[in-house]
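Written below as structure tokens is the structure these notes are about.
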Amino acid sequence: MNLQKKILKIRFSPLTEKLLLLFTIVLLFVLLSAVLTDGHGWGDDFALYLQQAKNIAEKHEYSNSGYIYNEREPLYSPRLYPPVYPFFLSLVYKWFGLDFIKLKTVSVIFYVLYLVLLFIFFRKRFSFFISILVVILFGLNPDYFIELDQILSDFTALFFTMLAILAIEKFSNKTTVSQSILIAVLIWLSYASRSAGIVLIPSFILYYLFLNKKIKKELILTIVLTVILIIMQKLLLHESAYFNLRLIFKDPLGTIFFNIVYYSKILAKSILRTDVLPIVLIFIFFVIGGIISTLYSSKKIDFVVLFSFFFLGLLLIFPSIQGSRYIFALIPFSLMFGIIFLQKMLKTDQRIIPVLLILLIIGYVPEYFHMKEKANEIQEATNPAAMNLYEFVDQSGNDGYYFRKPRALAFFADVHAGLISNEDLNQYETTKSEADRLGIRYFVEDKNHFSRFKTIQELNQEKFKQVYENEGFLIYQFAESN
């Protein structure tokens with residue numbers, strides 16, 4: 001106990017803090033890079049990102065992805081993803097080609113840079129010891145660990161979003177013209193990494209007005225420039241909206257209620273590694289208590305509170321879930337508010353907080369072994385059967401495929417591929433009608449995953465002809481296409 005007291009009372013010079021942070025970040029970069037695996041799983045977001053990166057690297061039409069967008073299945077994928085992450089991928093693709101480990105390293109780089117920003121953010125509010133433990137905790141967090149082994153934009157978005165938050169906190173009071181331009185560019189970079197970054201705009205407007213009590217030219221400059229950058233992105237890249245407004249009104253109350261329960265569990269599990277209801281409720285109580293304490297003690301609005309409110313609001317009405325990756329930006333803030341409330345409860349004796357953080361970090365260790373086992377099992381999109389499928393489709397010279405993971409087929413086989421809504425895979429006539437509308441003539445069936453098309457094919461065998469089979473896949477075409 002005496003040793004613990006001595007450790008917690010150690011004070012480091014600013015230079016020592018920087019060196020210790022650098023050592024921690026380098027160590028985490030080496031560790032996170034070492035556990036990356038070759039290949040990729042079936043979450044085929046990666047294929048659309050890679051196609052856009054390839055288009056940039058090879059100077060092809062940026063919007064030509066091969067993915068047949070179906071407005072009847074809008075939540076599956078947008079026509080295009082925002083450009084910032086594909087741009088950085090394109091730099092790696094241009095030099096190394098389709099090297100999955102090197103391409104995944106882009107996310108690792110952005111994540112460790114984000115951890116540096118996370119340290120700066122926490123260091124403004126807590127001791128060095130707590131701040132560096134938070135960096136280690138998130139550097140070793142299993143949820144982030146798993147997502148780093150996929151080609152996704154989450155970590156680029158995390159970096160630019162946190163950079164924007166730090167800039168807004170620093171420059172919103174008595175903002176200069178150059179600082180206004182900087183904030184606008186960072187907000188746009190967050191949005192151009194992931195569309196959810198749009199919530200920075202209303203968050204910034206309210207925060208600026210709370211601080212300055214009036215509309216100033218710098219606020220107008222920031223908002224106008226941000227909007228111009230977003231519009232230019234939309235026009236130049238021919239982007240369309242991902243979010244379909246009709247889906248909001250389908251069952252808004254049901255969606256919001258489900259998401260409140262779902263994301264409360266995800267938030268708690270992301271940090272405490274359990275979603276047992278009493279623990280979830282206690283954790284949420286601490287987070288809410290920390291928010292109230294922050295607002296009460298500072299006597300002013302906190303930007304992170306505003307950002308979290310808008311970000312969570314967007315999340316709660318969005319009728320699609322993706323595990324913890326959708327709330328990566330909020331998880332550190334929920335921990336921050338929880339620590340703030342714990343500090344208020346403990347008052348003078350706060351030595352238990354670093355101890356709790358250390359225990360959380362130790363608790364992550366057993367999960368690493370399971371994660372490594374899982375990582376080696378899920379590279380289905382690049383296994384031999386899948387690669388043989390792509391090769392056959394590529395060499396066949398045919399176009400217009402239905403597949404449960406169309407973006408992967410479009411990327412690897414250089415064809416047009418799309419998804420027919422499950423609502424339309426209920427009988428042959430609707431399937432045929434949708435296939436004609438989308439330009440689909442061939443159907444790929446994955447033997448290892450259930451497909452609604454399988455039922456249609458079995459009930460209408462005379463109307464489909466098998467043209468390919470390997471150990472993992474079958475391809476059918478309409479019999480009348482012969």
Side-chain angles (χ1 to χ4, degrees), residues 21 25 82 84-85 110-126 130-131 134-135 137-139 141 144 153-176 178-212 218-219 221-223 225-227 229-230 267 270 287 290-291 294-295 298 300-315 325-340:
L21 175 63
I25 291 299
V84 168
Y85 180 56
F110 274 104
Y111 188 50
V112 295
L113 290 175
Y114 164 75
L115 292 175
V116 174
L117 300 181
L118 193 64
F119 173 84
I120 295 170
F121 178 84
F122 270 79
R123 189 66 183 94
K124 290 167 61 179
R125 294 160 170 84
F126 304 102
I130 288 177
S131 302
V134 167
V135 169
L137 184 140
F138 281 99
N141 187 293
Y144 293 77
S153 64
D154 299 86
F155 302 99
T156 307
L158 272 177
F159 171 76
F160 285 115
T161 300
M162 181 58 81
L163 197 57
I165 288 171
L166 290 174
I168 289 169
E169 286 187 336
K170 185 175 180 62
F171 300 131
S172 289
N173 196 10
K174 298 180 180 179
T175 314
T176 64
S178 60
Q179 290 167 353
S180 299
I181 295 172
L182 174 64
I183 291 172
V185 171
L186 290 177
I187 291 175
W188 171 73
L189 285 170
S190 173
Y191 171 81
S193 299
R194 194 156 188 193
S195 300
I198 195 75
V199 302
L200 284 166
I201 296 177
S203 306
F204 170 70
I205 292 173
L206 286 180
Y207 185 65
Y208 190 96
L209 292 176
F210 275 119
L211 286 182
N212 296 281
E218 289 79 13
L219 173 63
L221 173 63
T222 299
I223 301 308
L225 180 56
T226 303
V227 171
L229 289 171
I230 290 173
L267 267 177
S270 296
V287 173
I291 293 172
T294 300
L295 297 175
S298 62
K300 65 178 183 179
I301 197 68
D302 187 288
F303 178 76
V304 174
V305 174
L306 288 171
F307 171 80
S308 300
F309 173 80
F310 282 108
F311 194 97
L312 189 59
L314 179 64
L315 206 62
R325 59 184 287 249
Y326 272 9
I327 56 168
F328 275 171
L330 295 184
I331 296 172
F333 300 146
S334 67
L335 177 63
M336 177 195 76
F337 289 124
I339 292 175
I340 288 172

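Everything numeric here is computed off the predicted structure, so don't read it as measured data.
Taking the six-membered ring for Trp and the full ring otherwise, the centers of F307 and Y207 sit at least 6.0 Å from each other.
Within the 4.5 Å cutoff, no side-chain heavy atoms of L182 are placed close to those of K170. No side-chain heavy atom of L225 sits less than 4.5 Å from a side-chain heavy atom of W188. Within the 4.5 Å cutoff, no side-chain heavy atoms of F122 are placed close to those of V135. Side-chain contact between L335 and V134 is present, with at least one heavy-atom pair separated by less than 4.5 Å. At a threshold of 4.5 Å between non-hydrogen side-chain atoms, the residues I165 and T161 count as touching. For the pair L200 and I183, the minimum side-chain heavy-atom distance is 4.5 Å or more. The closest side-chain heavy-atom distance from L118 to L158 is not below 4.5 Å. When side chains are defined from C-beta on, F159 does not count as touching L189, because their heavy atoms never get closer than 4.5 Å.
Residues meeting the salt bridge (charged side-chain N to carboxylate O under 4.0 Å, His left out) test with K124, sequence neighbours left out: E169. In this structure L221 satisfies the side chain to side chain contact (heavy atoms under 4.5 Å, CB included) test together with V177, S180, I181, sequence neighbours excluded. Residues that satisfy the side chain to side chain contact (heavy atoms under 4.5 Å, CB included) test with I198, not counting sequence neighbours, are Y191, I201, I230.
The structure places CD of E218 at 10.0 Å from OG of S178, a figure rounded to the nearest 0.5 Å. Between atom CG of residue L163 and atom CD1 of residue I168 there is a gap of 10.0 Å, rounded to the nearest 0.5 Å. A distance of 6.0 Å separates OH in Y111 from CG in N141, rounded to the nearest 0.5 Å. The distance from the CG atom of D302 to the CZ atom of F333 is 9.5 Å, given to the nearest 0.5 Å. Distance check, rounded to the nearest 0.5 Å: OH of Y144 to CG of L137 gives 9.5 Å. To the nearest 0.5 angstrom, L117 atom CG is 10.0 Å from F160 atom CZ.
Counting only distance, with no hydrogens or angles, the side chain of N173 and the backbone of L211 share no donor-acceptor pair below 3.5 Å. Side-chain atoms of T294 come within 3.5 Å of backbone atoms of G290 as a donor-acceptor pair (strictly under, hydrogens ignored). With hydrogens and angles ignored, the 3.5 Å screen pairs no side-chain donor or acceptor of D154 with any backbone N or O of R194. Between the T175 side chain and the S172 main chain, a donor and an acceptor come within less than 3.5 Å of each other.
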Next on the checklist: Between F155 and F110, does the ring pair (Phe, Tyr, Trp, His ring centres under 6.0 Å) criterion hold? Intermediate values first, please.
Outcome noted: CA-CA 6 Å; F155 302 99; F110 274 104; 9.7 Å; no

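The heavy-atom pair separating A196 from F311 by the smallest distance is CB-CE1, 3.9 Å. Residues V112 and I25 share a closest heavy-atom pair of O-CD1, 3.8 Å. Residues P82 and S195 share a closest heavy-atom pair of CG-OG, 3.8 Å.
Remark: F310 CZ is packed, more than 12 non-hydrogen atoms of other residues, nucleotides or ligands lying under 6.0 Å away.
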